Visitor: 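Here it is, the structure in full.
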Amino acid sequence: MNLTEFIEGRRDQHLAELLEFLRIPSVSAKSENKPDIERAAQWVADHLRVAGFKTVEIVPTNLHPLVYAESLEAPGKPTVLFYGHYDVQPAEPLELWTSPAFEPQSRDGNLFGRGTADDKGQVHIHLKALESLHQLHGKFPVNIKVLIEGEEEVGSVSLWDYVQNNKEKLKADALLVSDTAMLGRGVPSITYALRGLDYYQIELTGPVRDLHSGVYGGAVPNPLTVLTELFAKLHDKNFRVTVPGFYDDVAKVSATERKALNKLPWKVKDFERAVGAPAYVGEKGFTIVERLWIRPTLELNGIWGGYQGEGTKTVIPSKAYAKFSTRLVPDQNPRKIAKLVEAHIRKLLPKTVHCKFEVLSTGKPWAAAYQAPIFQVAQEALQKGFGKKAVFIREGGSIPFVAQMHDTFKVPCVLIGFGLPDENAHAPDEHIFLENYFSGIKAIAHFYQDLASL
Ligand code: BES
Ligand code: MN
Ligand code: MN
C-alpha cells in the first residue's frame, strides 16, 4: 500500500483522535488550567510514543512543561527539528461560540474548537504523518527531533531557556514549523517571513482615588481622557506611526519581491469578507498585502478604566489602562523600538498624570531566503498532498521562536501552515477546514519521506 492510500484509509481514526486532544482545555494564560496543561503535555508525549518515538521526555520548566522526542536511527540522513505548541488562547467570550470551545464539532466541512487551527490541529498533522511512516516502514525515513511547547501563547519564556541550555541536543539541519496559515483555500503555502512583536502595558494615574465627578469635575485631570488623547496622537493622517525613529531601520523590500507578493493569488474581496468592516485604512503608499506583511504597525489591543457596569455612575477614575503592541519587520530591533515608543509616550503625556510603562514581551521579526533545496522538497510534498503548486508567502503574525532558532543555528526554517486566514484563530468559533487537515497529513508524510533523498 502506498503512503497516500495508507493515510486516506485512516481519516476517521485520525479525526477521532484529534477530537480527544482538542477536548483538553490547555489554556496557558490561566492558572486554573494548569492541570489541563499537564494533561495535554502527557497526551502529546503518549502519542509521540505511539507514533514510534522511543525517546520521549516531558521537561518540567518554571511554567509549563515542554515535550521533547527524538529518533536518530537514520544514519547519513538529514536531521529535522519539528516545533509546535500544545497550548491555546483563552476561549472567552464563551457566549460567542456556536458550539462550546472545548467540545469540538464538525459543521460544513470545518472542525470547530479552540486549538483546531492554532496549533493543536497542526501539531496533530505531524503526529499522524510520522506515525503513518513508522507503521508503513517500521522506522522513520530521516532523523527527527520534536519540540512541542506549552507557552507559545504567553511568550515562550521557558522554551528559550531550554534552547540556550541544550544547543547540542537540538542541533538539526532544518527547523520545521506548522503554525501559520495558507494564503487561501486551495493555495498551499510556505512562509518565509514573520513580523516581530513588542507588547506593552501602561497605567496612567491622575487623582490618588476615584472622585465624584460633580464635586470635582472640571478642576481635575481625567486619566481616561488623557489616555484617549495619547492614542489619538500615535498615528498621523497617512496612518503612519508618529514615534520618531520608528521606521529608521525598516529594511527596504526589493521591487522584485514587492511585485511577487502583490501578484500572489490573493483577493481583496476575500480579505474584506473576512474582516467585515464598513471601510478600510492603512499606511499610505502601500497595498493591503504590503501593509500586512512588510510594514510595521502600532495597535491598541485593549483599553479600560472607570465605570463599565449597568446604569450610570458619575465618577472621575483615578486610573486608566491600555495594552498595545507594535508589529515589527526586518531590521527593526525590538529593544530599540520599545525605548523609542516609551520616550515618545512620556513626551506626549501631560504633567497631570503619572505613567507606569511596562514592556510585557519582545520578539524579533524574521525573513529568510528560500533557495535551499529543502524548500523545493517542501513544495513538491505540498503538491503531493494538495494536488496544487505551493506559493511562497510572508505573514503578519509572529512566532518569536523562529527568529531565535534561525539566529542560533543558522539553518533553513521551513514554515508550512495549514490554517486559513479566516479561521478565527484567537477568536470565538476557531476552526480548521478538514480537507486541509487531511491533505496536510499526506503532504507532511511525503515531506519527511522525500527528505531522506536530500
Ligand atoms: N500561530 C500564531 C502565529 C501566526 C499566526 C503566524 C498567523 C502567522 C500567521 C501564534 O500562535 C501566535 O498567535 N503568535 C502571537 C505572538 C505570541 C508571542 C503570543 C501573535 O502573532 O500575536
Ligand atoms: Mn500558534
Ligand atoms: Mn496563537
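Values below: every heavy atom of this structure, side chains too, minus hydrogens, waters and symmetry copies. Order of appearance sets the numbers: ligands from 1, and atoms from 1 within every ligand. Every value quoted in this text rests on a predicted model; they were computed, and no experiment measured them.
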Visitor: Measuring from the heavy atoms of Gln89, does anything fall under 4.0 Å of ligand 1?
Guide: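 It does not, in that no heavy atom of Gln89 comes within the 4.0 Å cut-off of ligand 1.
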Visitor: Would you mind telling me if ligand 1 is within reach of the side chain of Arg327, the backbone, both or neither, using heavy atoms under 4.0 Å?
Guide: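 Side chain only.
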Visitor: Please say whether the positively charged group of Arg23, taken as NZ for Lys or CZ for Arg, lies over the ring of Phe102, i.e. under 6.0 angstrom from the six-membered ring centre and within 45 degrees of the axis.
Guide: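 No, a cation-pi geometry is absent between Arg23 and Phe102.
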Visitor: Using a 4.0 Å cut-off to any heavy atom of Thr180, which atoms of ligand 1 qualify?
Guide: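 By the 4.0 Å cutoff, the relevant atoms are 6 (C), 8 (C).
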Visitor: Got a second to check how far Leu183's CG is from Leu420's CG, nearest 0.5 Å?
Guide: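 Spacing of CG (Leu183) from CG (Leu420) equals 9.5 Å.
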Visitor: Evaluate His85 for polar contact with ligand 1, using N/O atom pairs at a separation under 3.5 Å.
Guide: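 Yes: some nitrogen or oxygen of His85 is under 3.5 Å from one in ligand 1.
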Visitor: Would you mind checking if Glu272 and Lys267 are paired as a salt bridge, meaning a charged N to carboxylate O distance below 4.0 Å?
Guide: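 No salt bridge links Lys267 with Glu272.
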Visitor: Please determine whether Asp118 has a backbone or side-chain N, O or S atom lying under 2.8 Å from the Mn ion (ligand 2).
Guide: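 Given the 2.8 Å cut-off, Asp118 counts as a ligand of the Mn ion (ligand 2).
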Visitor: Nearest heavy atom to atom 15 (C) of ligand 1: which of Ser325, Ser361, Ser398, Ala181 does it belong to?
Guide: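 Shortest heavy-atom distance from atom 15 (C) of ligand 1: Ser398.
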Visitor: Is Asp179 close enough to the Mn ion (ligand 2) that one of its N, O or S atoms comes in under 2.8 Å?
Guide: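 So Asp179 counts as coordinating the Mn ion (ligand 2), yes.
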Visitor: Assess whether a salt bridge exists between Glu203 and Lys319, defined as any Lys/Arg side-chain N lying under 4.0 Å from an Asp/Glu carboxylate O.
Guide: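 Counted as a salt bridge, because a side-chain N and a carboxylate O are separated by less than 4.0 Å.
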Visitor: Scan side-chain atoms only and decide if Gln404 and Trp366 contain a donor-acceptor pair under the 3.5 Å cut-off.
Guide: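 Not at all, the side chains of Gln404 and Trp366 share no donor-acceptor pair under 3.5 Å.
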Visitor: CZ of Phe401 to CG of Leu175: how many Å apart, nearest 0.5 Å?
Guide: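 Going from the CZ atom of Phe401 to the CG atom of Leu175 covers 6.0 Å.
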Visitor: Could you tell me which N, O or S atom of His85 is nearest to the Mn ion (ligand 2)?
Guide: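 His85's closest N, O or S atom to the Mn ion (ligand 2) is named NE2.
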Visitor: How far is atom 4 (C) of ligand 1 from the closest protein heavy atom, and which atom is that?
Guide: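 Closest protein heavy atom to atom 4 (C) of ligand 1: Asp179 O, 3.8 Å.
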Visitor: Just to confirm my output: which protein heavy-atom neighbour is closest to atom 10 (C) of ligand 1, and how far is it?
Guide: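 The closest one turns out to be Glu152 OE2, 3.2 Å.
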Visitor: Is the distance between the ring centroids of Tyr192 and Phe392 less than 6.0 Å?
Guide: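 Centroid distance Tyr192-Phe392: not below 6.0 Å, so no.
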Visitor: Over 60° means perpendicular and under 30° means parallel, so classify the ring planes of Tyr321 and Trp304, tilted if in between.
Guide: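 Taking Tyr321 first and then Trp304, their aromatic rings lie parallel (interplane angle under 30°).
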Visitor: Taking a cutoff of less than 4.0 Å between a non-hydrogen atom of the residue and any ligand atom, is Asp119 in contact with ligand 1?
Guide: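 It does not; every heavy atom stays at 4.0 Å or beyond.
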Visitor: Is there a side-chain contact between Ile37 and Tyr86 in this structure, where contact means two heavy atoms from C-beta onward sitting under 4.5 Å apart?
Guide: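 When only atoms from C-beta onward are counted, Tyr86 and Ile37 do touch, with a gap below 4.5 Å.
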Visitor: Could you verify whether a donor N or O on one side chain and an acceptor N or O on the other, from Ser158 and Glu149, lie under 3.5 Å apart?
Guide: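 Glu149 and Ser158 do not have a side-chain donor-acceptor pair below 3.5 Å.
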Visitor: Could you identify the N, O or S atom of His426 positioned closest to the Mn ion (ligand 3)?
Guide: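 The closest N, O or S atom of His426 to the Mn ion (ligand 3) is NE2.
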Visitor: Atoms of ligand 1 less than 4.0 Å from Asp118 heavy atoms?
Guide: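 Numbered from 1, ligand 1 contributes 1 (N), 2 (C), 11 (O), 13 (O).
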Visitor: Short N/O distance, under 3.5 Å, between Glu395 and ligand 1?
Guide: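 Glu395 vs ligand 1: no N/O contact under 3.5 Å.
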Visitor: For N/O/S atoms only: which one belongs to Glu153 and is nearest the Mn ion (ligand 3)?
Guide: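 Considering only N, O and S atoms, Glu153 comes nearest to the Mn ion (ligand 3) through OE2.
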